[in-house]
Amino acid sequence: MAQTTKKSAAKKSGTASGFTADERAAMKERAAELKGAGGRGAKKKADEAQACLDKIAEMGDADRALAERIHAVVTSVAPDLDAKTWYGMPAYARDGKVLCFFKPGEKFGARYATFGFTDTAQLDDGNVWPTEYAIADLTDADVKRLEKIVEQAASR
């Protein structure tokens, strides 16, 4: 009886497949990004940058304010990175590979947003290092810290 109850609860919550509705929506957004990834050159980069700004503009007030500051940090410290979307979130890439991304808290019902880095980021520090940072607010000191992290992550 307990197994049947768990299966029924999973179906109701949308997790029978192992993914929440928000996660499935993010995967659909990623599939659409890949489908629309055709094209080349300046127009493609401009379209991707606009898609990133559009995603930021769609966010609720709190996440949008954070995303705008993160966008300003990344574009000023690492202007060679290309703004784009990744799983429907603002991201910044080099040579088509995402280096860092902003995950709004409201997108997945989290109590805070995060700013994360993929394995292409140059953040290695011994055997253990952080790859994602929780962001509840951004003071000027926090921005300075993130500038240093992005500078290190984007170094070649």
Side-chain angles (χ1 to χ4, degrees), residues 17-156:
S17 67
F19 297 105
T20 67
D22 292 330
E23 290 168 332
R24 284 193 306 276
M27 288 185 285
K28 285 179 182 178
E29 286 185 273
R30 181 65 182 140
E33 291 163 2
L34 291 171
K35 186 176 181 180
R40 290 187 167 166
K43 179 164 178 11
K44 177 183 175 187
K45 286 185 181 187
D47 289 347
E48 289 177 337
Q50 187 59 52
C52 178
L53 294 174
D54 291 346
K55 281 297 176 184
I56 292 170
E58 292 172 6
M59 294 177 191
D61 293 344
D63 282 335
R64 185 175 56 251
L66 295 173
E68 287 170 346
R69 290 198 73 188
I70 294 291
H71 183 78
V73 166
V74 175
T75 56
S76 68
V77 173
D80 63 315
L81 296 181
D82 299 318
K84 61 186 299 173
T85 58
W86 189 56
Y87 293 95
M89 298 175 285
Y92 306 87
R94 176 181 290 133
D95 301 326
K97 295 182 181 180
V98 171
L99 184 120
C100 57
F101 57 93
F102 177 79
K103 183 169 37 173
E106 67 188 27
K107 183 172 180 86
F108 296 104
R111 64 184 180 96
Y112 50 79
T114 60
F115 183 50
F117 298 86
T118 65
D119 62 341
T120 61
Q122 301 300 309
L123 294 175
D124 304 39
D125 184 18
N127 294 319
V128 179
W129 58 89
T131 60
E132 200 162 342
Y133 296 84
I135 301 176
D137 195 13
L138 284 173
T139 65
D140 290 342
D142 298 326
V143 169
K144 294 266 186 234
R145 180 176 178 207
L146 288 179
E147 287 173 342
K148 289 178 183 176
I149 294 168
V150 170
E151 186 174 21
Q152 179 185 348
S155 65
R156 292 190 188 228

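The residues of the chain are indexed from 1 along the displayed sequence. In what follows, every heavy atom counts, from backbone to side chain, and hydrogens, waters and symmetry copies are set aside.
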Name all residues meeting the side-chain contact (heavy atoms from CB on, under 4.5 Å) criterion together with Tyr112; count only those two or more places apart in sequence or in a different chain, and write none if there are none.
Thr114, Ala134
ring-ring contact (aromatic ring centres under 6.0 Å, His included): which pairs involve residues 42-71, sequence neighbours left out?
His71-Tyr92
Salt bridge (charged side-chain N to carboxylate O under 4.0 Å, His left out) pairs, two or more places apart, involving residues 136-155
Arg69-Asp140
Residues in side chain to side chain donor-acceptor pair (under 3.5 Å) with Asp80, at least two apart?
Arg94
side-chain contact (heavy atoms from CB on, under 4.5 Å) partners for Arg111, two or more places apart
none
Glu106 backbone acceptor or donor facing Asp63 side chain under 3.5 Å
yes
Hits for side-chain contact (heavy atoms from CB on, under 4.5 Å) against Thr120, two or more places apart or cross-chain, chain-then-number order -> Lys97, Leu99, Thr118
Looking only at non-hydrogen atoms, find the nearest pair between Arg24 and Phe19 and report the distance.
NH1-O, 2.6 Å
Quick note, salt bridge (charged side-chain N to carboxylate O under 4.0 Å, His left out) partners involving residues 116-132, not counting sequence neighbours, are Lys103-Glu132
Provide the closest heavy-atom pair for Leu123 versus Pro130 in the form atom of the first, atom of the second, distance.
CD1-O, 4.0 Å
Those residues at least two apart in sequence (or on a different chain) that pass salt bridge (Lys or Arg N to Asp or Glu O under 4.0 Å) with Asp82 are Lys45
On a heavy-atom basis, which atom in Ala136 and which in Leu66 lie closest, and how many Å separate them?
O-CD1, 4.2 Å
Taken in chain and number order and not counting sequence neighbours, the residues that satisfy side chain to side chain donor-acceptor pair (under 3.5 Å) with Asp54 are Gln50
Least distance between heavy atoms, Ser76 atom then Val73 atom
OG-O, 3.1 Å
Quick one: are Ile135 and Ile70 in side-chain contact, heavy atoms under 4.5 Å?
yes
Partners meeting side-chain contact (heavy atoms from CB on, under 4.5 Å) with Arg64 (sequence neighbours left out)
Ile56, Met59, Asp61, Glu68
Do any pairs count as a ring-ring contact (aromatic ring centres under 6.0 Å, His included) and have a residue in residues 114-144, sequence neighbours left out, and if so which ones?
Phe115-Phe117
According to ring pair (Phe, Tyr, Trp, His ring centres under 6.0 Å), who are the partners of Phe102, at least two apart in sequence or on a separate chain?
none
Of all the heavy-atom pairs spanning Leu81 and Ala154, show the shortest one and how long it is.
CD1-CB, 4.4 Å
Over all heavy atoms of both residues, which pair between Ala78 and Val150 is shortest? Give the atoms and the distance, please.
CB-CG1, 4.2 Å
